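Chain identifiers are assigned alphabetically (A, B, ...) following the order of the sequence lines, protein sequences preceding nucleic acid strands; residue numbering begins at 1 within each chain. Only a predicted model underlies this, so the values are computations on that prediction, with no experimental measurement involved.
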Number of protein chains: 2
Amino acid sequence: MARMEVSRDGNGVESRPSRASVGRLSLYLRRLEDLEREGSGTVSSVQLGDAVGVTDAQVRKDLAHIGSLGQPGIGYPTPELITAIRRVLGLDREWSVAVVGIGNLSRALLRYRGFPQRGFRIVALFDTDASKVGQRLDGLPIHSLDQLPEVLAECKAELGLVAVPAEAAQKVADALVAAGIRGLLNFAPAVLRLPANVNLVSVDLTVQLEQLAFLVQMSAD
Amino acid sequence: MARMEVSRDGNGVESRPSRASVGRLSLYLRRLEDLEREGSGTVSSVQLGDAVGVTDAQVRKDLAHIGSLGQPGIGYPTPELITAIRRVLGLDREWSVAVVGIGNLSRALLRYRGFPQRGFRIVALFDTDASKVGQRLDGLPIHSLDQLPEVLAECKAELGLVAVPAEAAQKVADALVAAGIRGLLNFAPAVLRLPANVNLVSVDLTVQLEQLAFLVQMSAD
DNA sequence: GGATGTGAACGACTTCACAGCG
DNA sequence: CGCTGTGAAGTCGTTCACATCC
């Protein structure tokens, strides 16, 4: 490929994508995979922008972060772009995920085909509920929470998915961190406190619904 | 730079909270409700900031959007602040919600106590699956999708929750919009296209998980 | 003293506009 | 000509610093 890029002090040529940009890269990637299936060899920034709901300039800026693949007058070569985005997002490898809290939400996530498709492999399940411990779900045994250190030491999950009630969330997060997890996807309606070397993405459904209520109220002329 | 801003009523210049700010207001509100339960009559911006993980200046800016309730040297009166935030977010009323796509995700949301607590009432369920139609879930009957116009005309749901596969999402969204819905919370991994007068909040789990993968990969020391 | 409210500086992200290449 | 890549300008949001008030 191109070059080893770690931004030089001051004026690096390629800055790393911003957080917002990363979200859009995911969306581009999804669209690109569809396009490739449809046999489209190249895409323009306008096409991608339309599909994702952003301007063409925004698309070009986002894609500039990952190197210059575009050909003036032509567009971007679909397969190369897919590979490049996958690499930037860290999807050119497998990620193993541990899930804590086996309720309806976790079941929904386990059944969701998008995850394995993108290289996320769920490798361990945990719950405190004694009636669930020992059962199997999609071929995986449900472990008790206090088995977490041993089980995680063995299966080496890098990501943790927290789907427990708010009261239990911090405790669970701490246990996962202690077991060496590198990142958490939190669904509990709670603000988690983690050491700086552990990454966190939170999906707070109440907050999202309240955002919507706010927007609707605002747009009530 | 005193630009003419559109402000509601008489007292002073209140700009509306930004989107990001609204998310934080939700978090403040949750914390404030806890504090009130604990009997705390006033809060400082430092306390709130610590609880939510933002700076005190950020808290003050956010709260300034909703009027000046704070008392220098004292802090903010908890109950008044709660009321004010509720009003700004549109939580001083009930919202009726229709849910389309009755899978594990919807079941998780139906069971989630945070929603009714905040005034979100689920009033109708829809699914295409003939084996589900006619069944009841938490006391509510599951309707077929083509009953959507009639049922929604009667129960007057203002918000729609889309929890169907990506392929069906746009069609469902269109149906909800046609039925007069004012806002959508979308869980399908798809970019929806809606008329400007219908609000949209999307929760794309794949995107979130990919964000996490990116962050973890980036922080690989 | 302790805490708010807020201009001003700062930084991050987006849009614009256009040079330049295929 | 169409489309990319990118400085420049613009916009938005956050942090700072401090006057102000209890």
Side-chain angles (χ1 to χ4, degrees), chain A residues 2-3 5 7 10-25 27-28 32 35 40-78 80-81 84-85 211 214 218, chain B residues 1-3 5-7 11-25 27-28 32 35 40-78 80-81 84-85 211 218:
Chain A
R3 66 196 80 165
E5 84 287 341
S7 56
N11 50 351
V13 181
E14 292 178 12
S15 60
R16 52 180 64 156
S18 72
R19 177 118 181 205
S21 174
V22 170
R24 288 190 298 268
L25 286 174
L27 298 176
Y28 302 150
L32 285 165
L35 282 170
S40 172
T42 59
V43 217
S44 75
S45 54
V46 174
Q47 290 176 309
L48 272 181
D50 284 350
V52 168
V54 299
T55 66
D56 54 327
Q58 180 74 82
V59 173
R60 290 199 297 279
K61 271 278 199 271
D62 287 337
L63 297 185
H65 286 308
I66 67 176
S68 357
L69 299 166
Q71 291 178 297
I74 309 286
Y76 299 85
T78 312
E80 281 87 335
L81 194 49
I85 294 181
Q211 284 251 13
F214 169 79
M218 266 294 140
Chain B
M1 177 205 290
R3 189 178 299 170
E5 276 292 335
V6 188
S7 58
N11 357 350
V13 184
E14 288 181 18
S15 62
R16 54 174 72 145
S18 72
R19 178 120 181 206
S21 176
V22 170
R24 287 190 299 267
L25 287 173
L27 298 177
Y28 302 150
L32 285 165
L35 282 171
S40 172
T42 59
V43 217
S44 75
S45 54
V46 174
Q47 289 176 309
L48 273 180
D50 284 350
V52 167
V54 301
T55 66
D56 55 328
Q58 181 75 81
V59 174
R60 291 199 297 279
K61 270 279 201 272
D62 287 338
L63 297 185
H65 287 164
I66 68 176
S68 352
L69 299 167
Q71 292 176 299
I74 308 287
Y76 300 84
T78 312
E80 280 88 336
L81 194 48
I85 294 181
Q211 284 251 11
M218 267 294 140

Checklist entry - Can you check the B:His65 NE2 to D:dT14 C1' distance for me, whole Å? => result 11 Å
Next on the checklist: Between C1' on D:dC3 and CG on A:Leu81, what's the gap in Å once rounded to a whole number?
Outcome noted: 14 Å
Checklist entry - B:Ser21: what forms a side chain to side chain donor-acceptor pair (under 3.5 Å) with it, not counting sequence neighbours? => result B:Asp62
Item to check | Non-hydrogen side-chain atoms of B:Arg16 and B:His65 separated by less than 4.5 Å | outcome: no
Item to check | Atom pair distance, as rounded to whole Å: CZ in B:Arg16 and P in D:dC12 | outcome: 12 Å
Checklist outcome for this item: Closest non-hydrogen contact found for B:Thr42 with B:Ile74 is CG2-CG2, 4.0 Å
Next on the checklist: If I take atom CG in residue B:Leu69 and atom P in nucleotide D:dC22, what distance separates them, rounded to the nearest angstrom?
Outcome noted: 15 Å
Item to check | Non-neighbouring partners of A:Tyr76 that pass side chain to side chain donor-acceptor pair (under 3.5 Å), sequence neighbours left out | outcome: none
Item to check | Under the side-chain contact (heavy atoms from CB on, under 4.5 Å) test, residues paired with A:Val54 that sit two or more places apart | outcome: A:Arg24, A:Tyr28, A:Val52, A:Gln58, A:Val59
Would you list the atom pairs, donor with acceptor, under 3.5 Å between side chains in residues 43-50 of chain A and any protein atom, with sequence neighbours excluded?
unit_1, atom_1, unit_2, atom_2, d
A:Ser44, OG, A:Val46, N, 3.4
A:Ser44, OG, A:Gln47, N, 3.2
A:Ser45, OG, A:Arg60, NH1, 3.2
A:Gln47, OE1, A:Ser44, N, 2.9

Checklist entry - A:Leu25 and A:Ile85: which non-hydrogen atoms are nearest, and at how many Å? => result O-CG2, 3.8 Å
Next on the checklist: Counting only heavy atoms and a strict 4.0 angstrom limit, can you tell me which residues of residues 44-52 of chain A come near DNA chain D?
Outcome noted: A:Ser44, A:Ser45
Checklist entry - Can you name the side-chain contact (heavy atoms from CB on, under 4.5 Å) partners of A:Ala84, sequence neighbours left out? => result A:Ile66, A:Leu69
Next on the checklist: So, OP1 or OP2 of D:dG5: does either fall under 4.0 Å of a side-chain N or O from A:Tyr76?
Outcome noted: yes
Checklist entry - Along nucleotides 12-22 of chain C, 5' to 3', which nucleotides get a B, which get an S, and which get a -, given that the test is a protein heavy-atom distance under 4.0 Å? => result -SSB-B--BBS
